[in-house]
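To start, the structure under review is shown below, and the notes come after it.
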Number of protein chains: 2
Amino acid sequence: MAADDTTAPVPPSPWERERPARDRVSTARAPLTRERVVEAAFTVLDRQGLDGLSMRQVAGELGVTVSALYAHVSSKDDLLELMYTRLFDDFAIPEPDRERWEEQLRDFARSVRRRLLSHRDMARISMGHVPFTAELLPHVESLLALFRAAGLPDRIAAEAGDLISTYVDGFVLEEGIWQDRAARQAGDDDPSLSRPDWREMAGEMQDYFAALPAADFPHLRALSGLMVMDSSDDRFDIGLEIILRGLASYLPDQGAGAPDA
Amino acid sequence: MAADDTTAPVPPSPWERERPARDRVSTARAPLTRERVVEAAFTVLDRQGLDGLSMRQVAGELGVTVSALYAHVSSKDDLLELMYTRLFDDFAIPEPDRERWEEQLRDFARSVRRRLLSHRDMARISMGHVPFTAELLPHVESLLALFRAAGLPDRIAAEAGDLISTYVDGFVLEEGIWQDRAARQAGDDDPSLSRPDWREMAGEMQDYFAALPAADFPHLRALSGLMVMDSSDDRFDIGLEIILRGLASYLPDQGAGAPDA
DNA sequence: GTGACTGATGAACAGTGTTCACCGTAGCAG
DNA sequence: CTGCTACGGTGAACACTGTTCATCAGTCAC
């Protein structure tokens, strides 16, 4: 709720790409909206992946020519940015509760991950975009509110959001890589029918680690069972917990010792 | 030194792309090596950025036709992977010293960042690659050795490397985004002469935050001075420190309390 | 000197993002 | 009802992209 009712208009930040002027469609004939373009882009993305997401494909999805898209979207980069923005459009960050800040942060990270996983290759799009746009700034604000309510020093609070977001993005991106690799390995021609047989690949992977020369790779061999994703969810939570504990160490009452530098 | 003398040959992992068979150049006439191709690719990358890195440009850099490249590199993806691998080729991770593990980790992260910064857009290439290749596995092993020597539980050690690497990658990638944006904003036509006037943009940014509606963005306004990179190095170290503290909390003698889940 | 081999060639293919002159239809002015 | 303007969509074009393949030129072994 904290992020939803921002009635005051946020001015566009100075580096935001200028959208084409024809924003208001006069409802003359065809209902080809920028929203419909973005929607079609998501459809293509889920079907073909980011590498298969071309303006022609999007146009085809809408039964329209490529050039028609450029009336509603100024470039492909612009389209990707719109997709990134729309992914987190109705995202809600709860009102800060200083007793439950860790749970709230866990929920935040998990639901970001869920959203990124909801569309193929979405992490690749998300990474490489900064949420400092008029639409996404409220979320940044809400996150900051959470950190500060928890009692984190300002210097830490200012970095924490970036740190967590980067972690989630990077983690999901890596998940996607493995998923793609498993899919490509399974069904080489038609990647759509190939159920990501994931487990098979994880096993292969684990076998590889276990077969490494024992003298040179003692630790990799010892941890081979933990390195491959037994369950991605568990791995995700562990990394997240490391970050949360690091943040918690800066809480005044925790008194975990001053930084040594 | 731990990573340098791995005399035993590491078998290629099962998912590694197969290189073209013509590996042994008979030194017949032209010294067009795979190494030279990669080198030229780096030259082009630094001059034109990742988006301007095309096979034709690389070929042109070598005074050779495009198709000639494909005798030494099986695809552009392969070339990028080779660049990624070569970036960390002679990377050395020190012998674990359980008293100084935090310093060692700081050094590790900082030198990874330095390497990523040494070539334009390198973080974009690095992200999206997994270091589980024959050439890079020794580094993973050395990192694991460091974590285990420090006394971290195996479950944590297995995630820590990924966590730190992802952090560095993500951080540098974001640095690159801002740098590009500053460059594009300054010299719109010739992006080479445009000194990344960075400070100007940081100021603009800060002004933007400060000018946000006070009622809706109290925290962003309050932290505006910390959100923009006053010095990227400081921001980097803070995020790194958060992670290190999180890791340290899992040390047995630290006794920071059991996880609450 | 001849044959085999190998590495470079250049043309081609299918596809990309983006632009622009043109066109048809819709709604309004007269 | 006619004429006109305006605008959304068209289709062709441009300059690229990654990748492949038949062909050629040079060097080595015999």
Side-chain angles (χ1 to χ4, degrees), chain A residues 17-38 40-41 44-45 47-83 121 124-125 128 184 188-189, chain B residues 17-38 40-41 44-45 47-83 121 124-125 128 184 188-189:
Chain A
R17 225 185 304 283
E18 289 178 22
R19 313 269 189 232
R22 27 291 206 51
D23 196 351
R24 309 216 132 277
V25 174
S26 67
T27 330
R29 189 186 43 159
L32 182 55
T33 336
R34 191 189 303 177
E35 202 53 38
R36 282 193 58 210
V37 173
V38 175
V44 174
L45 180 70
R47 193 200 309 132
Q48 329 242 135
L50 181 56
D51 294 330
L53 173 59
S54 74
M55 299 300 273
R56 262 129 177 138
Q57 291 283 336
V58 175
E61 184 68 28
L62 290 163
V64 117
T65 34
V66 219
S67 43
L69 300 180
Y70 284 86
H72 303 91
V73 158
S74 67
S75 70
K76 188 187 181 181
D77 279 345
D78 188 34
L79 176 55
L80 292 178
E81 195 173 312
L82 288 170
M83 296 172 79
D121 284 337
R124 268 169 73 189
I125 297 178
R184 203 164 323 175
D188 227 326
D189 6 282
Chain B
R17 224 185 307 283
E18 289 178 22
R19 314 267 189 234
R22 22 293 203 53
D23 195 351
R24 310 217 132 278
V25 173
S26 68
T27 331
R29 188 186 43 160
L32 182 55
T33 336
R34 190 190 305 177
E35 202 53 38
R36 282 193 58 210
V37 173
V38 174
V44 174
L45 179 69
R47 194 201 307 133
Q48 327 244 125
L50 180 56
D51 293 330
L53 174 59
S54 73
M55 298 300 273
R56 259 126 177 140
Q57 292 281 336
V58 175
E61 184 68 26
L62 290 164
V64 115
T65 33
V66 219
S67 43
L69 301 179
Y70 285 87
H72 303 91
V73 158
S74 67
S75 71
K76 189 186 181 181
D77 279 346
D78 187 34
L79 176 55
L80 292 178
E81 194 173 311
L82 287 170
M83 296 172 78
D121 284 339
R124 267 169 72 190
I125 297 179
R184 206 165 321 177
D188 226 328
D189 6 281

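We name chains A, B, ... by the order of the sequence lines, and we start the count at 1 in each one. Predicted model, so just to flag it, every value in this text is computed and none were measured.
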Whole-Å distance separating the CG atom of A:L50 from the P atom of C:dT16
13 Å
Considering all heavy atoms, the nearest A:L53-A:V58 contact:
CD1-CG2, 3.6 Å
Looking at B:S54, I'd like to know whether one of its side-chain N or O atoms comes within less than 4.0 Å of OP1 or OP2 on D:dT17.
yes
Atom CD of B:Q57 and atom P of D:dG18: how far apart are they, to the nearest Å?
9 Å
Just how far, in rounded Å, is P of C:dT18 from CG of A:L79?
10 Å
Take the protein atom CE of A:M55 and the nucleotide atom P of C:dG15, then report the distance between them rounded to whole Å.
18 Å
If you only use heavy atoms from C-beta on, which nucleotide in C:dT19, C:dT9, D:dG18 is closest to the side chain of B:R56?
D:dG18
Sugar-phosphate, base or nothing in reach of B:L53, heavy atoms under 4.0 Å:
sugar-phosphate
When every non-hydrogen atom of B:G52 is compared with those of B:Q57, the smallest separation belongs to O-CG, 3.6 Å
A:L62 CG to D:dG8 C1', in whole Å, measures 14 Å
Between D:dT19, C:dA8, D:dT10, which nucleotide has the shortest distance from any of its atoms to the side chain of B:K76?
D:dT19
In whole angstrom, give the distance that lies between atom OH of A:Y70 and atom P of C:dT18.
4 Å
Is there a donor on the side chain of B:S67 or the base of C:dG10 sitting less than 3.5 Å from an acceptor on the other?
yes
Which nucleotide, C:dT18, D:dG11, C:dG10, lies nearest any side-chain atom of A:T65?
D:dG11
Need to verify one output field. Residue with the more 5' nearest nucleotide on DNA chain C, A:V66 or B:G63?
B:G63
Is any side-chain heavy atom of A:V37 closer than 4.5 Å to a side-chain heavy atom of A:L82?
no
Protein-nucleotide distance (B:D51, atom CG; D:dC16, atom P), rounded to Å
15 Å
Can you name the closest pair of heavy atoms from A:H72 and A:T33 and give their distance?
CD2-C, 4.1 Å
What is the minimum heavy-atom distance between A:L50 and A:D121, and which atoms define it?
N-OD2, 2.8 Å
CG of B:D78 versus P of D:dT20: gap in Å, rounded?
12 Å
